[in-house]
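Right, one structure below, let's go through it.
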Amino acid sequence: MEAGVAITREDVLHVARLARLEIPADQVEEVQGQLSAILEAVGKVSELDLSDVEPTSHPLDVVNAWAEDEPRPSLSREEALANAPDPSEGAFRVPAVGS
Amino acid sequence: MTGWEPVVGLEIHIQLKTQTKMFCRCENVWGEGPNTRTCPVCLAHPGTLPVPNGRAIEWAVKLGLALGCEVAERSVFHRKNYFYPDLPKGYQISQYDEPLCTAGRFAVPGSGGDHEIGIVRAHLEEDAAKTVHVGGKAGRISGAAHSLVDFNRGGTPLVEIVTEPDLHSPEEARRFLQLLRQTVVELGISDAEMEKGSLRCDANVSVRREGEEGLRTKTELKNMNSFKFVGDGIAAEVARQIEVYESGGEVGQETLHFDPASGRISSLRSKEEAHDYRYFPEPDLVPVEPPAALVERMRAEIGELPAARIRRLEGELDFDLSYGLVASGRDELYERVPGERRAVANVVMNQLAATGAHPGRVNAEELGKLIEARDRIPRATFDEALTAAGEPGFTAERYLAEEAVTDASELDPVIERVLAANGSQVAAYRSGKEGLLGFFVGQVMRETQGKANPKVVNERLRERLGA
Amino acid sequence: MIDTLRLTAEDAAGLLKRKEVSSEELTRAYRASIAERDPELHAYLHVTESADGDGVPIALKDVITTKGVPTTAASRILEGYVPVFDSTVAACCKDAGLPLLGKTNLDEFAMGSSTENSGFGPTRNPWDPERVPGGSSGGSAAAVAGGLAPWALGSDTGGSIKQPASLCGLVGLRPTYGTVSRYGIVAFASSLDQVGPLTKTVRDSALLMQVISGADPRDSTTVELPQPIELPEAEDLRGLRIGIPRELNEAEGMEPGVKQSVDAAIRLAEELGAEVGETRLPRSVEFGLACYYLIAPAEASANLARYDGVRFGHRAQVDGDLTELYERTRWEGFGDEPKRRIMLGTYALSAGYYEAYYGQAQKVRTVIKDEFAAAFRDFDLLVSPTSPTVAFRLGEKAENPLAMYLSDVLTIPPNMAGLPGLSIPCGLSEGLPVGLQLIGPQFSENALFRAGHALERAFAFDYVPERLR
């Protein structure tokens with residue numbers, strides 16, 4: 001897929017769905033316009049032929065960072081749930097999954 | 001099923017029994033109260049960062065080596081993005097195109113030779129949390145149902161193993177999984193208990209005409225939670241697909257659930273949109289480049305693997321017994337118990353297993369004595385002895401001693417022989433020298449190589465001499 | 001009488017050491033300044049009522065998690081969130097005895113260059129309240145420039161320390177990626193985010209770096225600095241080779257007053273003994289912005305997925321199912337800019353577009369790294385303006401995201417390469433501060449501080465805003 005191709009209304013709705021954002025119907029067009037303008041600008045990266053270039057996902061050349069398998073204290077249940085919007089029975093309550 | 005060949009690949013998840021979770025140092029334990037083993041990291045509080053568990057990396061390498069994999073020189077964690085309440089960060093840290101272990105071969109011995117199953121990859125990732133569905137009636141909103149999320153399990157280290165579609169029958173799949181489980185247990189890296197969910201298995205199933213090249217559309221059979229269900233589920237799905245093709249239909253790509261109670265297959269996510277996980281390299285973690293010393297240390301820790309042991313035991317037993325002993329983890333005891341091999345194998349594999357005695361706690365020497373004597377002592381006594389075989393301080397002596405007690409028919413001829421050979425002493429006894437009783441007892445004991453019960457011998461002698 | 005506008009952190013530490021003033025008195029003086037001027041500036045989102053420590057008090061950008069003190073990242077989605085743990089840098093400040101004055105305003109989730117994107121209202125520039133302080137660490141910059149804190153910590157992803165430092169006449173250090181822990185820093189773009197000091201002087205910056213830098217076992221991406229941070233004493237630049245990347249000094253949209261100030265600063269550097277020469281970073285500047293606006297939103301789209309109304313933060317009132325709860329919570333809780341970047345990043349990572357956008361941007365990042373590495377074969381440091389403009393008016397760029405993104409065109413390229421950068425004030429244009437950006441190779445903080453200190457002395461810039469003197 002080429003970069004810099006204009007984003008369609010369907011693309012906007014698909015992306016919003018993937019990102020779990022509920023765009024009100026009357027704002028889809030505005031979002032589409034803004035994203036299109038930005039995508040056109042960032043699509044500039046496709047002007048370079050970089051087929052021989054390795055990607056950089058990290059600015060430092062560090063490898064092998066890990067910790068010993070030694071337990072540290074956990075939070076108390078009260079602390080774990082302290083910021084929960086809907087705590088219930090020592091757990092985090094949400095609308096039923098899979099419904 | 002004639003004319004059709006099942007084509008099955010497995011995706012297996014194994015929870016590692018490390019002390020701590022994959023990316024934080026909360027205790028990795030099972031069965032604690034909800035949300036008592038969490039921290040800001042595994043609750044995905046803002047700003048928290050993952051730090052990999054070094055032991056989990058080592059164990060994944062160890063497992064990869066046991067599966068005949070190549071350990072990658074460089075391996076990278078990726079973010080797999082999707083929303084679900086059991087996934088606190090909104091992404092799972094997993095591995096994608098640079099897994100820790102690749103290109104393995106795992107031999108499953110069969111009676112007609114080894115069957116090699118290709119291992120595509122074995123990679124590390126973190127487990128999701130546990131959600132429990134609660135009915136709605138008591139809820140805040142009338143009729144609304146809820147789920148409760150417990151993050152204790154969230155972040156448990158998992159190794160995901162993906163096989164090539166090299167399995168061609170439900171039985172083969174089941175055997176592969178059993179042997180894999182036994183391997184993992186022996187490596188000491190997981191309990192691998194399907195019932196507890198520390199070993200989970202999904203199957204990719206398709207069928208094709210015998211001799212047909214290429215693969216047809218596969219379906220994904222989710223979370224079968226016992227070895228039996230893996231076999232039954234695959235068998236049911238294979239049958240379903242054959243029926244679809246034979247009635248002129250097409251198999252569609254979908255995710256399925258097998259209900260062991262009804263034996264029926266149902267579709268899991270018909271409505272759900274196609275997944276787009278947007279994998280990208282996890283910027284909070286740096287690459288893993290397993291040092292040669294680590295890999296060699298893990299290789300050195302691996303003992304003789306089950307497949308090799310099955311082949312070795314086949315030198316003295318038939319295939320089924322060898323396989324059964326190794327796949328059940330009973331071969332270790334079998335090898336420790338002295339005696340005739342087939343007899344030992346049968347007892348260890350069948351009768352001892354039936355008693356529930358833990359093989360690791362059995363005194364092998366004493367069990368050997370029992371087995372040697374098993375045709376000479378009553379069945380009930382033998383079973384009683386086996387039941388007690390796993391208890392601390394168990395010895396065979398008491399049970400062997402019962403040989404004579406209940407078996408007077410064996411003891412009486414010996415007594416007759418002793419009395420006949422010592423006519424003068426018999427006469428002396430009968431004339432009042434009752435102190436000679438000990439002499440007779442000693443003679444009988446010598447004749448029976450000490451296995452007679454002195455008390456019974458005493459009684460029988462008094463009876464015979466008094467007559 | 002403590003002059004909070006003029007007192008440096010180093011001087012404050014001297015007062016404390018000589019027991020001429022107590023930490024409580026210092027803190028009280030800053031609280032008084034906050035009470036006086038923060039209603040106008042709105043530098044703070046939260047001011048503490050009490051804080052422990054016997055050192056020089058500090059303000060922390062509200063992306064820095066503080067145990068028991070609200071932390072919102074200036075987002076409604078985190079309204080009411082009170083962390084149960086400390087970020088590593090907050091813990092470092094506590095360990096050093098620095099009392100916490102409060103949490104400073106920012107562009108929501110550090111996404112912006114003006115602090116107008118805050119979910120709780122904008123911050124104003126102490127030099128001119130009609131103008132922005134820059135961003136995203138605008139609250140920290142305004143607090144220090146306005147005498148509401150002796151020093152502060154900000155965070156920098158695309159320029160969020162250097163640019164507000166420039167617009168507020170302060171010293172701002174973006175450290176080498178990996179030298180300051182990100183544990184507990186509300187994440188925007190993980191491979192770019194770095195915490196750093198906003199201070200009145202270069203020596204204050206070095207002092208604060210001593211407090212916060214170092215490898216952290218809770219952040220796998222941290223490393224130890226090869227040499228400890230030293231307090232700079234240098235008064236000249238003899239032996240220093242300074243490169244002037246042409247593209248960074250002639251960028252589109254650069255104000256003439258900014259260019260003049262920076263050119264004058266470069267001449268002064270030569271007078272101080274530096275060897276100055278031209279160098280090139282053609283692709284870094286031409287493609288840096290596009291590269292950044294793919295990588296940062298992509299990482300952000302994942303980093304902001306945890307705000308789902310389940311474990312903390314805002315939760316929408318819905319009667320419907322889980323998907324509705326997620327979608328409503330996130331639409332209500334996030335402001336426009338985070339939503340825009342989440343969607344942009346989601347798109348750049350989605351099936352069919354990954355290679356063209358995110359994959360290609362990662363390769364551009366390699367190109368940028370290589371260009372800087374080449375420039376550092378000939379030069380010890382590179383110099384450019386920090387921002388193409390001085391502080392702009394509130395609302396001036398608010399309607400045009402792309403125009404706002406251009407504010408960071410000069411700070412983004414070195415950030416993409418993980419390089420440290422120091423912005424120091426080098427003069428005024430139209431009565432507003434101009435910042436000079438010094439860029440060094442990875443781990444060159446000491447060299448940046450030495451050069452910055454010598455230049456700072458030569459510039460003799462008065463960091464107290466003219467209208468407040």
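Chain letters run A, B, ... following the sequence lines, proteins first and then strands; every chain starts at 1. All of these numbers come straight from a predicted model, not from anything done at the bench. Atom set for the values below is all heavy atoms of this structure, side chains included, hydrogens, waters and symmetry mates excluded.
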Gap separating the [atom1] atom of [X] from the [atom2] atom of [Y], nearest 0.5 angstrom:
X         : Y         : atom1 : atom2 : answer
Asp284(B) : Asn303(C) : CG    : CG    : 6.5 Å
Leu349(C) : Tyr277(B) : CG    : OH    : 15.5 Å
Leu285(B) : Asp219(C) : CG    : CG    : 9.5 Å

If you count heavy atoms of other groups shown closer than 6.0 angstrom to [atom1] of [X], is the number above 12?
X         : atom1 : result
Phe120(C) : CZ    : yes
Lys67(C)  : NZ    : no
Lys80(B)  : NZ    : yes
Glu73(B)  : CD    : no
Lys17(B)  : NZ    : yes

For [X] and [Y], work out which heavy atoms get closest and say how close.
X         : Y         : value
Tyr84(B)  : Tyr326(C) : C-OH, 3.1 Å
Ala305(C) : Lys89(B)  : CB-O, 3.5 Å
Arg218(C) : Leu49(B)  : O-CB, 3.6 Å
Leu43(B)  : Arg311(C) : O-NH1, 2.7 Å
Ala302(C) : Asn81(B)  : CB-OD1, 3.3 Å
Phe280(B) : Ala298(C) : CZ-O, 4.1 Å

Can you tell which of Pro40(B), Cys24(B), Pro281(B), Ser147(B) has the highest number of heavy-atom pairs within less than 4.5 Å of chain C?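 Greatest number of close heavy-atom pairs with chain C: Pro40(B).
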
Which one, [options], leads in non-hydrogen pairs under 4.5 Å with chain B?
options                         : value
Gly184(C), Gly359(C), Ser87(C)  : Gly184(C)
Ser191(C), Ser350(C), Ala187(C) : Ser350(C)
Ala73(C), Ser301(C), Ser190(C)  : Ser190(C)

Under 4.5 Å from any heavy atom of chain B - which part of [X]:
X         : result
Ile64(C)  : neither
Pro217(C) : backbone
Asp193(C) : neither
Tyr358(C) : side chain
Thr323(C) : neither

Find out whether Pro46(B) and Thr71(C) are in side-chain contact, i.e. whether some heavy atom of one side chain is under 4.5 Å from a heavy atom of the other.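 Side chain of Pro46(B) against side chain of Thr71(C), heavy atoms only: no contact under 4.5 Å found.
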
Test your reading of the model: is there a side-chain donor-acceptor pair from Asp276(B) to the backbone of Ala351(C), 3.5 Å cut-off?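 Yes; at least one donor-acceptor contact below 3.5 Å.
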
Ignoring hydrogens and geometry, is there a side-chain-to-backbone donor-acceptor pair from Ser220(C) to Pro50(B) under 3.5 Å?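 Answer holds: yes.
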
Is Phe151(B) close to chain C through its backbone or its side chain, or both, or neither, when contacts mean heavy atoms under 4.5 Å?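 Phe151(B) touches chain C through side-chain heavy atoms alone.
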
Parallel, tilted or perpendicular: ring planes of Phe312(C) versus His45(B), cut at 30 and 60 degrees: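 Answer is tilted, since the angle falls between 30° and 60°.
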
